[in-house]
Structure formats: structure tokens, C-alpha cells
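These notes concern the structure reproduced below.
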There are 4 protein chains.
Amino acid sequence: MAKRSETSRRSILDATLRLLSADDMTVQKLSIEAIAREAGVGKTTIYRWWPSKAAVVVDAFMENHLLHTPVQTDVSVRSALESHLRSLIGQYAGPPGRLVSQLIAEIQYDPRTRQTFLERFFYGRYYAIIELVQRGIDNGELAADLDAEVVSEMIYAPVYQHLLFGHRPLRPELATSLVDQAFALAGAGPARDAQGQARVSAA
Amino acid sequence: MAKRSETSRRSILDATLRLLSADDMTVQKLSIEAIAREAGVGKTTIYRWWPSKAAVVVDAFMENHLLHTPVQTDVSVRSALESHLRSLIGQYAGPPGRLVSQLIAEIQYDPRTRQTFLERFFYGRYYAIIELVQRGIDNGELAADLDAEVVSEMIYAPVYQHLLFGHRPLRPELATSLVDQAFALAGAGPARDAQGQARVSAA
Amino acid sequence: MAKRSETSRRSILDATLRLLSADDMTVQKLSIEAIAREAGVGKTTIYRWWPSKAAVVVDAFMENHLLHTPVQTDVSVRSALESHLRSLIGQYAGPPGRLVSQLIAEIQYDPRTRQTFLERFFYGRYYAIIELVQRGIDNGELAADLDAEVVSEMIYAPVYQHLLFGHRPLRPELATSLVDQAFALAGAGPARDAQGQARVSAA
Amino acid sequence: MAKRSETSRRSILDATLRLLSADDMTVQKLSIEAIAREAGVGKTTIYRWWPSKAAVVVDAFMENHLLHTPVQTDVSVRSALESHLRSLIGQYAGPPGRLVSQLIAEIQYDPRTRQTFLERFFYGRYYAIIELVQRGIDNGELAADLDAEVVSEMIYAPVYQHLLFGHRPLRPELATSLVDQAFALAGAGPARDAQGQARVSAA
DNA sequence: CGATAAACGAGACGGTACGTCTGGTCTTGTG
DNA sequence: CACAAGACCAGACGTACCGTCTCGTTTATCG
């Protein structure tokens, strides 16, 4: 019998985030011993419920640091895309970005956690974007012969490339650039919709 | 006096690759002790010349596993892009892909090695693609108002997204899809108006 | 209310002996967890009724492995002593000897169990031997001025010394040697004067 | 290369004795981690040079607590025996006795250490006593037909029996009793030889 | 050409963390 | 209410590596 202790679960996840919030702490340097120590918990309790350090970090991250990246539905697809990306980039430019990039690093070594990570972190946003792009195709904002999934990745993936390679800092303007390029109207701004229409009718 | 021993350098890099070629070996599990043991070398010799395990792996990788991803110049930009991507994907789908993804993981924790990695691995291809896209813009294959760098990333980054997230297996057809969508989005007209006239005339 | 479960008590003691009968098992390596597991019993049940691992082992040993070391009363004291020692040594030379030596080891660390061990294992034989020796003194087989307790220990203790130090293997002939020497030292005369007359007449 | 560090060796043995000198500390409770902590030494250093906790304790004990149990040569064998036993008992009655009894406990579980213990602790005294008894036989203090080794054990083993079973406290008078019984003249003192003869003739 | 100083292999060192095991205690149903 | 089941905190186990630090022992210029 003996049910799982919710108190321990919370202390462990809290301790994990507390430790990770230190400036020079990384997921790599974080140890299960340190988590147990900080949480006032036996190591066994961690090993009993999580298969790896990365799994604990994913859980901790998901429960407390859920990224808010809303997808608006009452505006044009283009606006919704841009504001979604802008919000995502804004968060990745700060401390959560460091954590996300380290989580992506960890899943290269831990297939079980990769699955968890995809399910709880990635797929949600991934399919939301595809749906959004599909809506753009359906309502004529985007050309009819596009493949929504591929286009979504083209818009989305550069954000992760910047995050992971760090070849350029992540700046909010990237959101605009990406959407602009996707709509093939560099810097055309709000006039775009009309133009898009014109273009469609022209086609 | 006594110069650096080329023999030791080679044994270390060779040993590193030999160890990494084992099926269940990863950069994370690889240890400097194991490299020294395998290479028949004192640990000190490794620490004397490399700042970190990741640095050794980058060196080993660069010297022996250079990816061949040619950029053709005698064909259309579209063809050159597609064959370049296809070649890159082909290699990432195999063992070098596992290693590259682990190197990207490691640079999340080691800024010095990140720099080395970018310089010796990333920038080359990155700028080659930008140049190629720019050529496409210049010669009219792609719309004139595009930002070559952003477009390059949109074409390129999805490959890394697939490599790192593994949400879908890396398939060669991705190369075609990406180039197709890029030209559908941003070709000098045709994909958008479904006539292909502008592109033809521009070319 | 709920009385103590005899079933549990038996399973615990049985499991203890079963585990201890493995060739490479020792009291030191034996754990209460393992006993509980093997017995299909909660650890609490063991802790509720026994104060220590050693106490469980003593109980298990006493109930099932009682050493049979009869003291004959229809023969000379010398014969009775020798056959008693021979029987004891015979058993100590086998697996029970290993267990006894480990129990003696354990009581060095657990005063409560030392008491139990003495009462249930040691004193019986100890006083039986003293009585026997006293009988020898009374009936003239042994010199009248001897201290029965000290002489008993002199005869008895070497067996334990062999068992515990292992400087020589425990052999049945030791029984004869010890009794011989005891009667040579303290027999009512004969051994010392090399005639054996007195002993014969006394017997 | 790299020689063993004498400094570490000393700190380890010193720390071991320091920890063991605490009133409620036992060899069983003593942990290698605690020794390493107390000695300011890595656990590896202990494991590198000693096969077990017991081995460390034996070394520590031998180097610093060598029991002084002189065997006098300028007095009668009887006196030498008695004073040797008295000295041994005196030390076993104090803290070293606790340690010796625990070492004997440990060697029940560790054959390698049993060997070390016998060689460095036991055999010396064991053979010294045999020699002494043999001298007594040779010079007529003891009967000519005795077996020196068996008689030695009869005199010696009761001390360990008292130490290990604790059925009676270890008292110095035990030395006298044992020697008295061995010389078959309870409390008769130097006049013994004559009396021994007298008794024989009486029998 | 022989000295000499750096680089080298070997590996001991103080440490940290690993993942497992056990000790005792506490909790939660079941019979 | 004793029991089985087992979760819990605590902490030791023996191992693997970390990065630093001697050790002699090559080597390969430079005086």
C-alpha cells in the first residue's frame, strides 16, 4: 500500500528549480544527490519515481515554468503567427531559454525523456502552428498549394537554431522577419492583408 | 624544450573516435580517463592541450569525419540547394548525425567549445547557403525583396530541428519539400500565382 | 486485539535459516529486508517482535538446529567428557560451526542478544561440564584440590579458540588430547607418575 | 610511478583509532566513509590500499596499540606464565579488549583479514606460550609426558572465552587460577613441586 | 654533442556523484 | 488491531571520473 507522497514530489520539483535558478548551474552540473539534499528527501525517493535526472528536470519545468505562448484566433493568421513567435522568442531570450536548450541537450542522451519532452513540450506548439498555417492556407492568406507542416517548420525551426547554436542573439525582430519572409512580403506591414487579397484575386 | 608530440595527439583523437564508434557510447558517457587509457597516454597530456572533453571530440570529429556537403555552382540555385540539403540530410541520418547532435548538446554547456564548433563546423555551411540564396535572388530565381539570411535559415533550420527533436525521422525527401516550399513561398512569382511565368522570365 | 501470528513467526525463522544455508551467506550479509522478502512478511512484523537481526538468528538457530551434545552418566567422567567434546567438535566442524562462530561475532555488538545467547546456548553446556568435572573430583577420578569451573574452562575453551581463530582445523582428536592432558595434569596421580595405576583403580 | 603517500596512510590509521575510541563506536558501526571524512582523505585511497574495513582496523590497531605482554625468562616458568597472563588480562579488561573482541568478530567474515590477524597478532603470543610450557616440561616444572601445545591452549583459551562470551568479567585472578590448575596445585605456590610429588605418592 | 628543460606515461591524490542497498519508522488498507 | 505491503529519510556501499599533483623517463633542441 502506502501511497506516493505528494509532499516529497513537490519538494523535489521545487528544489530542482531552486538549484537550477542559480546563475552558474546547469542541468549537466545538477546532481540527483544535490536535489535530494536540497529537498530534504532520500535519493531513493527520486529514483523510485523518475528514471533520470533529465526526467525530473522536465517535470519540474513543466509544472512551474509553463511557457505562455498563446495562439490568438481573433486576428489574421499572420498576426497570430507573429505574436506567437514574438512571445516564444521573448521567453527563450531569458532564463527559460537556457533551460530549454539544456533540456534539448539532455534528450540527445535519454530516449525516454525525449519522448516525454516531445509530448509535454513540443507537440502542443508544433501542431498549433501547423493548424494556424493551415488556416492561413484555407482562408487565402497563404497560397493554396503549400504544405502546412513544412511551412510551419520553416517558420519555427530558426528560433531553435538561434537558441541552440547561438550564432546570433535571439531578438524579437526575428519573429517579424520570419513571418515576413513566409508571406513573401518583406517588411510590408499591415497593408499586407489587402495586398494578400489583391494577390489572391490577381492569381 | 620538447615540442608537442604529434604521436600523442593522433592517438588521442583516434582513441576518441574509436571509443565513440561503439554503439552504446555517447559523448556524455565518454570520459577523459577512458580516452587516455585507450590512447595509452597520460591524462595530463590531454588536459595540457584541450580545455574540455567536448573540445577533444570536436577536434577528433573535424579531422576525420569532415562532412562533405558540396555546393554546386554550375546548376540552378534551386538544384544546388536541393542537392546540398540532400547530401547533408543523408549524412545526418547516419552515425555522424548522432555525433553532431551530441556535439550540439555539449556546446550548451561549454561556451569555448561553442565558439570552436561554430567556426569549424557551422559558419562555413551557413554562409555558403546564404550566398547561394543571394545568388538566387540576384538571378531572379527568388523574389527580389527577400532577406537571404532569413530565407537561408528557414530552409536550413528544419534539418536541425528534425535531427535534434527526432519528432520525425530525417528523410531525404525533406530536402525537396523544403526547397519546394521555399520557392512556392518566395519564388519570383510563379508558385504564388500558379503560372510560373515571372520566375521563367526572370531567369 | 489480534494475537501474534504464529504463521508469521514460523515463516520468519524458516526464511532466516533458508537464507543462511546458502554457501556464501553470513549473518553479517543477511539483512532484515531479505528475511522479510523471503518470508513474505512486512519488515514491521520483524521489528515488532525482535530487537535485532542477531536476535532473529539466535531464535531461528535455537528452534531448528539445537546441537545435541549429550552428557553420559553411566560411564566414567573421563569417557563422558571425551564423548561430549567429540560430539561438540563434530558439529562445530560442519555448517553449524560457521553459524555459531558468527553468532559469537554478533554478540560482541549486541548486549541484549549476548544475554539471550548465553542463556539459551551457553550456560547449559557450561554448567553441565562443571558438574561433570565436579563429579570426577568427587569420585576421585580427578585430584581433590581442583577448581571444577576453571578446569572445565580449560577443557572447553580450546574448542572455541579453534572455532574462532581457525589457526588449526577443528579435529575430533582434539577431544582426546584435551581430556588426556587434563587428566595428565590433574588426574589423581597416574599420568604424572607414568604408571596409570591410580587412574585405573579410581575408574 | 607516484609513490604511496605516507601522510595519507598515517591520517587514515589515526582517524580510525580516533573514531574507535568514542564510547559508543564499534568496528561494526565504523564506516569507511567516516574514516575518509575524519582523515581528510578520498575513499579511493582507502580502497586502494586495504581490502576491507577490518583490514584497516587491524593495521591501525597493530601500529598504535601493540599489546605489551612480555614473557620473562629469568624466573620460573610458572611465574613467567602467570605474569604474562596477568598482563594480557589486564589489557583485555580495558578498552583494547573491546577492540580485540570486535576484531575476532570481524575475522569470522573476512578470511583475508583472519590471516593477517593471526600472523600479526596471534601466532606471536601463541608460540611464545608453547615455548614457555615446553621449557617447563624440559626443566621439570611440568610433567614430562605433557603436550606443550595442548597445555598452552588450555591455559590460554579461557582468557578468550571470558573475553568473547562475557559470562564472567575478566579478572586478574583468572591468571593465577589457570596457572594453579595447570600445575595442579591450587594456590600451593612455590612449594608445589614437593606437594605434587607427595600427592602422587598418596594416590 | 651533450645538457637541460619541456613533454610525456603512469598513476596516486582529495573529492563528488553515481545507482543500489539496508536500517528503522511511518502510513495505508485488509482480514 | 496485527498484519503485508511498501513509501519514506538517511546514509553507507564500492566504483568511476574529475582535475591536480608528483614522479621518473624520454626527447629534441640550444648552448
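All chains are named by letter (A, B, ...) in the order of the sequence lines, taking the proteins before the strands, and each is independently numbered beginning at 1. All of these numbers come straight from a predicted model, not from anything done at the bench.
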Round to the nearest Å and state the distance from D:Ile12 atom CD1 to E:dG15 atom P. 12 Å
Assess the residue pair A:Val100 and A:Tyr92 against the criterion (side-chain contact (heavy atoms from CB on, under 4.5 Å)); give the C-alpha distance rounded to whole Å, side-chain angles, the decisive distance to 0.1 Å, and a yes or no. CA-CA 8 Å; A:Val100 169; A:Tyr92 281 178; 3.9 Å; yes
Taking the side chain as every heavy atom from C-beta outward, state whether B:Trp49 and B:Arg9 have any atom pair closer than 4.5 Å. no
Phosphate-side-chain proximity, D:Thr45 and E:dG14, N/O vs OP1/OP2 below 4.0 Å: yes
B:Trp49 side chain N/O closer than 4.0 Å to the phosphate oxygens (OP1, OP2) of E:dC8? yes
Less than 4.0 angstrom between a side-chain N/O of A:Arg48 and OP1 or OP2 of F:dC8, yes or no? yes
Within the 4.0 Å heavy-atom criterion, would you say D:Ser8 contacts the bases, only the backbone, or no part of the nucleic acid? sugar-phosphate
Check the distance between F:dA7's P and A:Glu6's CD and give it to me in whole angstrom. 16 Å
Within the 4.0 Å heavy-atom criterion, would you say D:Arg4 contacts the bases, only the backbone, or no part of the nucleic acid? sugar-phosphate
Length of the line joining C:Asp110:CG and E:dG24:P, which is rounded to integer Å: 10 Å
Atom CG of D:Leu19 and atom CD of D:Glu38: how far apart are they, to the nearest 0.5 Å? 4.5 Å
Can C:Lys53 and C:Glu106 be counted as an ion pair, charged N to O under 4.0 angstrom? no
Stretch residues 25-39 of chain A: residues that reach within less than 4.0 Å of DNA chain F through a heavy atom: none
Qualifying ring pair (Phe, Tyr, Trp, His ring centres under 6.0 Å) pairs with a residue from residues 8-40 of chain D, counting only residues at least two apart or across chains: none
In terms of relative ring orientation, are C:Phe117 and D:Phe165 parallel, tilted or perpendicular, with 30° and 60° separating the classes? parallel
Looking at the side chain of B:Lys3, which of F:dT29, F:dC9, F:dT15 is the nearest nucleotide? F:dT29
On DNA chain F, compare the nucleotides closest to C:Val41 and A:Ser5; which residue's is nearer the 5' end? C:Val41
Between P of E:dT20 and CD1 of A:Ile46, the distance in whole Å: 13 Å
To the nearest angstrom, the NZ-C1' distance between A:Lys43 and E:dT16 comes to 10 Å
With DNA chain E as reference, determine whether A:Lys53 or D:Gly40 sits nearer its 5' end, using the nearest nucleotide of each. D:Gly40
Let me know the distance between OH of D:Tyr47 and C1' of E:dC18, rounded to the nearest Å. 14 Å
Which of the following nucleotides, E:dC13, E:dG23, E:dG11, is nearest to the side chain of B:Thr44? E:dG11
Residue set satisfying side-chain contact (heavy atoms from CB on, under 4.5 Å) with C:Asp23, at least two apart, ordered chain then number -> none
